[in-house]
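Everything below concerns the one structure shown next.
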Protein chains: 2
Amino acid sequence: MSSPRVAGVGLTHFGVHPERTGRDLFAEAALTALDDAGLEATEIDELYYGNFMGELAEHQGHQGPLVAEAIGVPERPVTRYESACASSGVALHDAVRAVRTGEVDVALVGGAERMNNLGTAGATEGLAIAADDLFEVRAGVTFPGAYALMARAYFAEFGGDRSELAHIAVKNHANALPNEYAQFQREITVEEALDAPMIAEPLGLYDACPITDGASALVLVSEGYAADNDVDAPVVVSGAGQAGDTLALQDRRDLFYTPATSRAADAAYDEAGVGVDAVDFAEVHDCFTIAEVLAIEALGLYEPGTGIDAAGDGETTRDGATPINLSGGLKAKGHPVGATGTSQAVEVTRLLRGDHPNSDAVADATTGVAHNAGGTVASATVHVLEVPE
Amino acid sequence: MSSPRVAGVGLTHFGVHPERTGRDLFAEAALTALDDAGLEATEIDELYYGNFMGELAEHQGHQGPLVAEAIGVPERPVTRYESACASSGVALHDAVRAVRTGEVDVALVGGAERMNNLGTAGATEGLAIAADDLFEVRAGVTFPGAYALMARAYFAEFGGDRSELAHIAVKNHANALPNEYAQFQREITVEEALDAPMIAEPLGLYDACPITDGASALVLVSEGYAADNDVDAPVVVSGAGQAGDTLALQDRRDLFYTPATSRAADAAYDEAGVGVDAVDFAEVHDCFTIAEVLAIEALGLYEPGTGIDAAGDGETTRDGATPINLSGGLKAKGHPVGATGTSQAVEVTRLLRGDHPNSDAVADATTGVAHNAGGTVASATVHVLEVPE
């Protein structure tokens, strides 16, 4: 067994694309990834595809065969994974395993989501199917409310307030500025973030990611395939972890801690044979600013209660010791739900390869992490990507 | 690498259970399978779960964490697979791979679906999301219509008429008679089948499977785990195959042939190291009677154009050379979509172990096949189960 290599990556622009279908978005990302890899679609052995709410947004389930057909290989085995906002993170976890164990030589993994055609209210209602319908949604909980509860619990346990969260939004907008794929290529200030309309106290509009259409894809190849076919693939996925937690917040011991992320991280670090100290930078699941805090703590980058100051103190900014969300994150790059997990892995790859507009911030980096979460982190995946010595 | 062993199986009653939630149904099947295996839920390493239309039927996506929690292991990695009516077949394919490659020692795999709460029209409309929304559904195609087109194409190519299909319905109802889990435990006659209301010419009511609520689950363990823990698990999953095809019928060369099944079967037979001659009996995806014909031909059990006479000629009845759908099939046992693939593997296991009410029909059998299909066989899985010598 050897770690899969990332042979190619592809993204669509993340934004508002109501005139484009999911299959069309995915095909663009997938064909871009194949082109980047220098491979033909016919060389793909299997496809792994993440999508969350196609049933609601496009009246379209059974998207696996649809996306395989969209890139010209309808006969290939293709699997659609759904784990809410971690859908393509879970797809990636499975693709990595298939290549690592020698079952598959060339895997295409990615995801797509259309959301804006539902409108803001429709998309928020659609997203709510990722929460527990019986015990959360019917009580009025949507995700802005759920993460607001988590933020309040965090503040109550450790102190802090929303002004510290604002620095996370400012950082991620700044990171997105040069990213041609980002939904928001514009900077904001702390004052603007704090003055924005409140959506669920203590979270304001700039504490939340936008509603996004988009797709992402990676081509993974085995070590042997890369060698035999002279594929240029400097980045490897050296560790993959997946874990779960109760779907409903009410069944958790704490609201200020996300153990599914920790479990997934432990599994990924263990598989990669690295400690958290080896992590040079990370793309984490900042669907809300508080989620970035919970992520960097659960990943082990910060002790519980200390992550909230990291952005304001400049530790996680592009010039900090451990840059977080150099892509712009879900907050500013955007969050096309089913595409997010593999998008993060694409961005870590670009950053490590040196062809991301923010690569200069991590010029000496060899190890990046991608962290994807579903719901209120009832599901989580963590992947370690490295440029081997 | 060694073939996973089936340590335990579980089913709910298949039928109309509008008062029960999907999580409740799944928990019953999963806990039954664990009990059958003599294992505790905490011994499960990972969960693999198939569900097709929970977003529509229960306003519930992200069911992976929900079902892991329902059996008491919310922290475990759990993945929800969706491939229309092949959802849990795909989950099984992945679970088998994970155990076979040594990644996982104990896997719980299953599926659940609620459908009757949508009503017949609502369920039919919901099922239609498995077809191509842009090119089929908006043109008025639902699955009864799609399979009627396939039946007409078959009759046009090879001859035959709906009276031959009636024998398939009669056979599968007869098989379901002693099956305590079956939705329809009653026999029908050829005359009743032919006199039933037409739903999509040439398919009548008795050519179609019912709308079903239910769940199914299996516990798979590695060879090593079974030996070390003295787990009684006489049946192995010796081969697993998965393949795809275009989602829309219009993009296929032929409507009377389902190559995704053939490709999946070839992969499964190859992995098992058996030829089709070794197959003693099969559970196949008879969502409509014509689908059983297409399945037994694509599995290689019958030459193209010859499968339609098999039931009427007594070759696939319980006393025939190769009994098909001894469980009653989707037609009479029922078709809770996301649960069907693993239900078929449960039934093959029970038949091989000798504890199925129809086991006497295959008393000397050592090899059974489970065939699951999504949509108009745009996705297919085939599993070979054996009692090793």
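Residue numbers begin at 1 in each chain, while the letters A, B, ... track the order of the sequences.
- Comparing A/Glu46, A/Met53, A/Arg80 by heavy-atom pairs within less than 4.5 Å of chain B, the highest count is held by A/Arg80.
- B/Ala267 does not touch chain A: none of its heavy atoms, backbone or side chain, sits under 4.5 Å away.
- Heavy-atom distances place the side chain of B/Val137, and not its backbone, under 4.5 Å from chain A.
- Shown here for B/Arg97 and A/Tyr48, the closest heavy-atom pair between the two residues is NH1-OH, 3.4 Å.
- Using a 4.5 Å cut-off between heavy atoms, A/Ala86 does not touch chain B at all.
- Residues forming a salt bridge (Lys or Arg N to Asp or Glu O under 4.0 Å) with A/Arg263 (at least two apart in sequence, or on another chain): none.
- When heavy atoms are compared at a cutoff of 4.5 Å, B/Thr21 approaches chain A solely by way of its side chain, counted from C-beta outward.
- For residues 66-91 of chain A, every residue pair satisfying the ring pair (Phe, Tyr, Trp, His ring centres under 6.0 Å) rule, not counting sequence neighbours, is listed here: A/Tyr81-B/Tyr81.
- Separation of atoms CD (A/Gln60) and CG (B/Leu247) is listed at 6.0 Å; rounding is to 0.5 Å.
- Among the candidates B/His93, B/Glu58, B/Arg76, B/Arg100, the residue making the largest number of heavy-atom pairs closer than 4.5 Å to chain A is B/Arg100.
- Side-chain atoms of A/Glu55 and B/Glu82, non-hydrogen and from C-beta on, do get closer than 4.5 Å to each other.
- Options A/Cys85, A/Pro259, A/Ala70, A/Ala378 differ in how many heavy-atom pairs under 4.5 Å they form with chain B, and the most are formed by A/Ala378.
- Using a 4.5 Å cut-off between heavy atoms, A/Phe135 contacts chain B through its side chain alone, with no backbone atom that close.
- Residues from residues 61-69 of chain B that place a non-hydrogen atom less than 4.5 Å from a non-hydrogen atom of chain A comprise B/Gly61, B/His62, B/Gln63, B/Pro65, B/Leu66, B/Glu69, given in numerical order.
- With a 6.0 Å radius and a threshold of 12 heavy atoms from other residues, nucleotides or ligands, A/Glu125 has its CD atom at or below the threshold.
- Chain B forms more heavy-atom pairs under 4.5 Å with one residue of A/Asn51, A/Val90, A/Thr381, A/Asp132 than with any other, namely A/Asp132.
- For chain B, the nearby part of A/Asp251 is the side chain; its heavy atoms alone come within less than 4.5 Å.
- For A/Leu47, no part sits under 4.5 Å from any heavy atom of chain B, backbone or side chain.
- Both the backbone and the side chain of A/Ala130 come within contact range of chain B, with heavy atoms under 4.5 Å apart.
- Listed by chain and number, the residues in a side chain to side chain donor-acceptor pair (under 3.5 Å) with B/Ser87 amount to none (sequence neighbours excluded).
- Of the two parts of A/Val78, only the backbone, made up of N, CA, C and O, holds a non-hydrogen atom closer than 4.5 Å to a non-hydrogen atom of chain B.
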- Task: Step by step, work out the side chain to side chain contact (heavy atoms under 4.5 Å, CB included) result for A/Thr79 and B/Asp94.
- Result: CA-CA 9 Å; A/Thr79 299; B/Asp94 217 27; over 6 Å; no

